[in-house]
Amino acid sequence: MLIDELNESQREAVLCCDAPSLVIAGAGSGKTRVLTYKIAYLLQTGMQPWNILALTFTNKAAKEMRQRIGRIVGEETASRLWMGTFHSIFSRILRQECDHLGFSKDFTIYDASDSKSLIKSILKDMQLDDKTYKPGSVASRISMAKNRLVLPSAYMADRQNFEADMQSKMPAIGQIYMQYWQRCRQSNVMDFDDLLLYTWILFKEHPDIVQKWEDRFHYVLVDEYQDTNYAQHLIVWLLTQHRQRVCVVGDDAQSIYSFRGANIDNILRFQEQYKGSRLFKLEQNYRSTQTIVSAANSLIGHNRGQIHKDVYSRRDMGDPISLLQTYSDIDEANAVMKCVREFRRNEQIPYSRMAVLYRTNAQSRAFEEAMRKASIPYRVYGGTSFYQRKEIKDVIAYLRLTVNLHDEEALRRIINYPARGIGQTTLDKVFRSAAANSASPWEILCKPHLLPDVNAGTRGKLQAFVQMMTEFHERHTGDDAYAIVLDIVRQSGIQAEINRGREPEDIARQENLQELMDGIAAFVQEHKEQGQDYLLTDYLQEVSLLSDVDESESQSEDKLTLMTVHSAKGLEFKVVFVVGMEENLFPSQMSMDSVRGLEEERRLFYVAITRAEEYLVITNAKSRFRYGKTEFCEPSRFLREIDPRFLRVKGSTGSVSVGSSPVRSVPTGLDARRFVRVSPVRSAEPQQVASSANATVAVAVGTRVRHERFGIGTVTAIEGSGMDTKATVNFDNAGTKQLLLRFAKITVL
């Protein structure tokens, strides 16, 4: 490993393995490189890959690190690391240990919409008004309680919780939480928060089990530690409290997810908890010009709660930051549109290297309209993801019920889809009987005598549904995921239902269904080729942990990106527009009540600024149309906190007071100047394999082969014999893959 490729601070952080380590990584300072090299260093100094646990917040981050490590120590070694998101790693542990918690290994995982659907059902059963008890608000309360490791009984016993619920006019939250908890257990289901909560319960109540896993993981690394919540923080502590071999990496200046439960104190107080820990600061920014870095430093310096660092860049000073003042929100959108066109036309900067960042999703409308009128291609990053589309969720619900017949929300979603004559009245009877008999709805369907007031015709329809799902269920541990889903979409009637229409939206649904089918086929073939499990349970495990960010479109598409600042974290662009810098918008009005809230808003602006590599344009409007009338706006207080030396004010509204002295206004439009040419960033696309098996191909080390999906490569190793023969192939573009030859779709060149 070329340790000399690291700068001095990075090298020190990598080589320290004998004490708890806190690595404070400024924006663009190479934290991923430090994590990658540190894991590679541990492996090269003798630690086994299965003894290393690396926790991330996105599948994308885990994949990128694994690929980088694989290039240093080899793909096979990297594949054996325990590396992934908190939720994916803890779900793996729970699959092995869930019998200690009263769950079976086939438990399924609810996403946010499933949780809300169950809450709606509970509200109906409890005869509570869902306009007062909004399912989203109730789900948020339950989620926050779980992330604070508060169980239903403790929640109901806490007077502060009750008073807060009373103030919100939702005094029954505790009872709803208890019902939700019990229904999930009856259905053999966990939600995303449960993956953390039950891991903590498992470790807290079973010292022998936490000891087992602590013995397994000799070294624990955590990425983006500033984003951890109370539960994640405690689980990491339970896994590391004895060995104290832990390294956390993050940036307190980029802690922006308190609304999700993230607690900045976890990183600020790390050294208090881990006595004798060492602090490393990565202060060289490789991304941005010195002007952008200095402006960001001057802003974040106003926060009191922080670990001080002096971030610097060795790049050129670069252009001043443009502060573009506009008359209205529409004027703002049009001004940004004109700037985008000028960057594109005069300086040949691709649209894909430019981004418009805003504080709230609602702000996108004006910019979308402006870009459409100007025929500028754009995408809204973080829009409706593929797996959130109705037709996709319907099929996934069938797959979930196939694996776990007790999955209440999956059953509710598809028992009468496509329509099979099982109405809401019948469904209500099934669920009431389930509640009365402390059973899952599936158990009621299998015991017709528990539904005495259902007529013979409806009973026959229920029995036909039970028979169909039972047959699917009996196959889920034997047939591959694709074989089952083919029959499900046909026999259930989904395929006929979706293929019926010819309108554009019908065609889109058909294409979505086909894409899902193709994806499942690719999943099966890829897993077969690489000797991994490919049953329905395995597919659902992978799908359930996907995030919107992980599923985002390719950065290589030449489209302008519109996105919230929260969604932009971790990304970078050559040109960044930060719009709507006004009081009550950025900072948000909801943050005004506390210093802690304002400091997080300031960190959010810091994140926005540091997404820019070379050019940063900040805009604000003097007025916005709200509630049917024009309202005048005050410039954001944060603009006064940026050192005016780094700002250039543009626009036709005259000079603006920034700091203690006015900054001179300059003509609107981009100055004539030469830009450094930077190629568009191309994000790694997940590689998939062909969907059908192939006969064994005779190959030898050095053979050049072509794969249907991975392209051309060279065989670098052969191992095993007969049906278990594996070939390691170094593909020219797709990297190294280990393939079972009896399944691999390869041709010898």
Side-chain angles (χ1 to χ4, degrees), residues 95 104-109 188 386-387 389 391-407 410-411 413-415 417-418 420 442 464-499 509-546 686-697 707-710 723-724 726 737-746:
R95 291 281 176 201
S104 74
K105 295 185 185 299
D106 281 339
F107 71 82
T108 45
I109 301 171
N188 194 37
F386 180 78
Y387 290 98
R389 295 168 189 168
E391 58 272 17
I392 303 305
K393 289 184 72 67
D394 290 336
V395 176
I396 295 297
Y398 268 100
L399 304 187
R400 282 173 30 194
L401 192 61
T402 296
V403 168
N404 175 15
L405 294 172
H406 301 285
D407 188 328
L411 176 69
R413 186 179 186 98
I414 54 89
I415 191 171
Y417 176 78
R420 50 177 61 93
W442 178 260
F465 176 78
V466 168
Q467 182 177 349
M468 178 181 70
M469 293 309 306
T470 300
E471 290 174 358
F472 292 148
H473 178 71
E474 289 172 352
R475 296 171 52 192
H476 89 279
T477 57
D479 291 0
D480 66 57
Y482 184 62
I484 295 178
V485 77
L486 271 177
D487 287 340
I488 286 175
V489 297
R490 291 169 182 163
Q491 295 177 29
S492 67
I494 288 178
Q495 191 172 61
E497 172 80 9
I498 289 182
N499 288 343
R509 293 172 66 214
Q510 293 159 20
E511 291 172 346
N512 288 338
L513 177 61
Q514 186 59 53
E515 181 65 23
L516 177 68
M517 303 296 289
D518 291 343
I520 296 174
F523 166 86
V524 170
Q525 182 60 24
E526 179 178 0
H527 279 232
K528 280 185 177 179
E529 288 192 87
Q530 300 191 42
Q532 300 172 347
D533 294 331
Y534 48 83
L535 299 178
L536 198 53
T537 304
D538 308 306
Y539 174 74
L540 289 173
Q541 178 81 2
E542 184 164 294
V543 168
S544 67
L545 298 170
L546 288 174
Q687 299 293 330
Q688 295 180 321
V689 298
S691 60
S692 59
N694 189 32
T696 301
V697 178
H707 188 279
E708 283 190 358
R709 299 182 71 87
F710 297 140
M723 298 292 285
D724 295 322
K726 291 182 180 180
K737 304 287 181 183
Q738 192 174 60
L739 307 175
L740 274 170
L741 285 183
R742 63 188 170 113
F743 291 124
K745 294 288 289 183
I746 60 175

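Given the structure is predicted, the values throughout are model-derived calculations rather than measurements.
Counting only heavy atoms from C-beta outward, the side chains of His527 and Asp480 never approach each other to under 4.5 Å. Side-chain contact between Asp479 and Leu536 is absent, with no heavy atoms from C-beta onward closer than 4.5 Å. For the pair Lys726/Leu740, a side-chain contact is recorded, criterion being any heavy-atom separation below 4.5 Å from C-beta on. Under the 4.5 Å side-chain criterion, counting only non-hydrogen atoms from C-beta, Ile414 is in contact with Phe465.
Judged by distance alone, the side chain of Asp487 and the main-chain N or O of Ile484 form no donor-acceptor pair under 3.5 Å. Side chain of Arg742 to main chain of Asp724: no donor-acceptor pair is present (N/O by atom type, distance under 3.5 Å, no hydrogens or angles). With Arg95 contributing its side chain and Phe107 its backbone, the two residues share a donor-acceptor pair below 3.5 Å. Asn404 places a side-chain N or O within donor-acceptor distance of the main-chain N or O of Asn188, the cut-off being under 3.5 Å.
Taking the ring axis of Tyr398 as reference, the NZ or CZ atom of Arg413 does not stay both within 45° of it and closer than 6.0 Å to the ring centre.
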* To do: Show the numbers, then the answer: is there a side chain to side chain contact (heavy atoms under 4.5 Å, CB included) between Ile109 and Arg400?
  => CA-CA 9 Å; Ile109 301 171; Arg400 282 173 30 194; over 6 Å; no
* Would you sort out whether His476 and Leu535 count as a side chain to side chain contact (heavy atoms under 4.5 Å, CB included), showing the intermediate values? => CA-CA 7 Å; His476 89 279; Leu535 299 178; over 6 Å; no
* **side chain to side chain contact (heavy atoms under 4.5 Å, CB included) between Leu399 and Ile520, worked out** => CA-CA 11 Å; Leu399 304 187; Ile520 296 174; 4.2 Å; yes
* Would you sort out whether Ile488 and Val395 count as a side chain to side chain contact (heavy atoms under 4.5 Å, CB included), showing the intermediate values? => CA-CA 8 Å; Ile488 286 175; Val395 176; 5.5 Å; no
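The CD1 atom of Ile494 lies 11.5 Å from the CG atom of Asn499; values are rounded to the nearest 0.5 Å. Rounding to the nearest 0.5 Å places OH of Tyr482 at 11.5 Å from NZ of Lys528. One finds the OG1 atom of Thr402 at 11.0 Å from the CD atom of Glu471 (value rounded to the nearest 0.5 Å). The CD atom of Glu497 sits 11.5 Å away from atom CD of Glu391, with the distance rounded to the nearest 0.5 Å. Atom CD of Gln495 sits about 7.0 Å away from atom CE of Met517, to the nearest 0.5 Å. Taken to the nearest 0.5 Å, the CG atom of Asp106 stands 7.0 Å off from the NE2 atom of His473.
Across all non-hydrogen atoms, the minimal contact from Ala410 to Ala397 is CB-O, 3.5 Å. The heavy-atom pair separating Ser492 from Pro418 by the smallest distance is O-CD, 3.3 Å.
Residues passing the ring-ring contact (aromatic ring centres under 6.0 Å, His included) test with Phe472, sequence neighbours excluded: none.
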